[in-house]
Amino acid sequence: RVGPDALRMDRDSTPGAIARMLSAGGRTMASLGAKSGSRVRAVAFGCVPIADHAETRARLNDLCEVLTEVLGVVIRPHRAPSPAALASAYKAGRVQLVWSSAALFLGEPALLGAVPLDQCVRAGRSSYLGCLFVPATSTIMTPDDLADARVAWVAESSAAGYLFPCVSLAERGTPASSLFSKESFLGSYAAVLDSVHRGDADVGATFAVFENDQLRQASWASSDAHAHPYRIVLRSSPIPSDMIVVAPETLAQIPDDPAVRLEHLHERPRAAALMRQILGADTFRRIDPEELRQARDLVRDVQHSLVAG
């Protein structure tokens, strides 16, 4: 169970990257990334792919090839099995460019000081939902049917994969801690989907994007199990989109303004398909400092509400 120390999100613990952005006073990201005469080293791009199979691993290599062309530095892939492993790899210096959820970036001490570049846009939105899903054949139809079910979560730091669905359940008067007969933390959306598909869990957590109330994206969209229909039984409030953040010392190695370069990444046909398959992203857009401030407050409030509950 999540404890208050693990969920510390006070203003004093706000990542230095946010403070730096909010007090930049008009400085551009390009000025943060001023050129140096030192030799540019390869940069490791770390992420937890939304699906985990041989094809996806190969496509991650392809995405890094495109990122190498776009950013002007050699990008190597680092596939992390879980958000915790990704944060650990960044802290150890094995990863310098990170695809991170807002909750992980804003709440994980290991990412303190990382500089946010862009956030993803899905179906024209820079937010998504955390949902609970079941097989279409399940007798679970609504949140009222979840009592004593076995649930598969992603990780305690995952916004859609744990935090926001838990808050939605608590707001209904049915906290997860007393609702489910078994809770498992499996590290990734792919592992959660596999668990529900095999029948090891009755219900699982996923991210989801809706357009005109129609499901546009979810964790099974890029999985071999996508042919097996699932039904969403709970939706959370909106969650700030995932983002790309970079180590400050690495930012100085990247030519020009990497945030601008990433904004145009989807214009390359090969890149657009890879972004959707690996990251579930249609496009990138520069992170607005005020939106980042609001996201920080929202994630803090969600995490504190779980501690209080």
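For the numbers below, each heavy atom of this structure counts, side chains included, while hydrogens, waters and symmetry mates do not.
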Over all heavy atoms of both residues, which pair between [X] and [Y] is shortest? Give the atoms and the distance, please.
X      : Y      : answer
Pro83  : Gly187 : CD-O, 3.2 Å
Ala208 : Cys131 : CB-SG, 3.7 Å
Ser188 : Pro81  : CB-O, 3.8 Å
Phe164 : Pro238 : CE2-O, 3.6 Å
Ala271 : Val66  : CB-CG1, 3.7 Å
Tyr128 : Pro240 : CE2-O, 3.3 Å

Using residues 92-106 as the side-chain source, report each donor-acceptor pair under 3.5 Å to any protein atom, sequence neighbours left out, with the distance given to one decimal.
residue: Gln96; atom: OE1; partner: Ala44; partner atom: N; Å: 2.7
residue: Gln96; atom: NE2; partner: Gly93; partner atom: O; Å: 2.8
residue: Ser100; atom: OG; partner: Phe105; partner atom: N; Å: 3.2
residue: Ser101; atom: OG; partner: Leu104; partner atom: N; Å: 3.0

Side-chain heavy atoms of [X] within contact of [Y], under 4.5 Å:
X      : Y      : result
Glu108 : Ser157 : no
Leu186 : Asp194 : no
Asp242 : Phe207 : no
Leu251 : Pro258 : yes
Ser158 : Phe185 : no
Phe210 : Arg235 : yes
Leu262 : Leu71  : yes
Leu279 : Leu63  : yes

Any donor and acceptor pair, going by atom type alone, linking the side chain of [X] with main-chain N or O of [Y] inside 3.5 Å?
X      : Y      : value
Thr68  : Cys64  : yes
Arg122 : Ser241 : no
Asp118 : Arg286 : yes
Arg231 : Val134 : no
Asp288 : Glu290 : yes

Test side-chain hydrogen bond (donor to acceptor under 3.5 Å, both in side chains) applied to Thr206 - qualifying residues, sequence neighbours left out:
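Scan of Thr206 (side-chain hydrogen bond (donor to acceptor under 3.5 Å, both in side chains), adjacent residues dropped) gives Ser219.
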
If you group Ile, Leu, Val, Met, Phe, Trp and Tyr by side-chain heavy-atom gaps below 4.5 Å, do [X] and [Y] land in one group?
X      : Y      : value
Ile232 : Val196 : yes
Val73  : Phe284 : yes
Val260 : Ile287 : no
Val115 : Val70  : yes
Val121 : Leu292 : no

For Val43, run the side chain to side chain contact (heavy atoms under 4.5 Å, CB included) check against Ile75, Val246, Ile254 and tell me which one passes.
Ile75

Residue that, paired with Asp282, satisfies side chain to side chain contact (heavy atoms under 4.5 Å, CB included) out of Met275, Arg276, His266:
Arg276

When rounded to the nearest 0.5 angstrom, what distance separates [atom1] in [X] from [atom2] in [Y]?
X      : Y      : atom1 : atom2 : answer
Tyr90  : Leu112 : OH    : CG    : 8.5 Å
Leu129 : Ile239 : CG    : CD1   : 6.5 Å
Leu86  : Cys47  : CG    : SG    : 7.5 Å
Asp200 : Arg150 : CG    : CZ    : 7.0 Å
Leu60  : Glu65  : CG    : CD    : 10.5 Å
Phe180 : Thr174 : CZ    : OG1   : 7.5 Å

Which atom pairs, one a donor and one an acceptor, fall under 3.5 Å between side chains of residues 140-147 and the rest of the protein, sequence neighbours left out?
residue: Thr142; atom: OG1; partner: Asp144; partner atom: N; Å: 3.2
residue: Asp144; atom: OD1; partner: Arg172; partner atom: NH2; Å: 2.8
residue: Asp145; atom: OD2; partner: Met141; partner atom: N; Å: 2.9
residue: Asp145; atom: OD2; partner: Thr142; partner atom: N; Å: 3.1

Begin with the C-alpha distance, continue with both residues' side-chain angles, and end with the deciding distance and a verdict on side-chain contact (heavy atoms from CB on, under 4.5 Å) for Val192 and Phe133.
CA-CA 10 Å; Val192 168; Phe133 72 96; 4.1 Å; yes

Evaluate the criterion side-chain contact (heavy atoms from CB on, under 4.5 Å) for residue pair Leu265 and Leu67; output intermediate values, then yes/no.
CA-CA 8 Å; Leu265 184 62; Leu67 287 173; 3.9 Å; yes

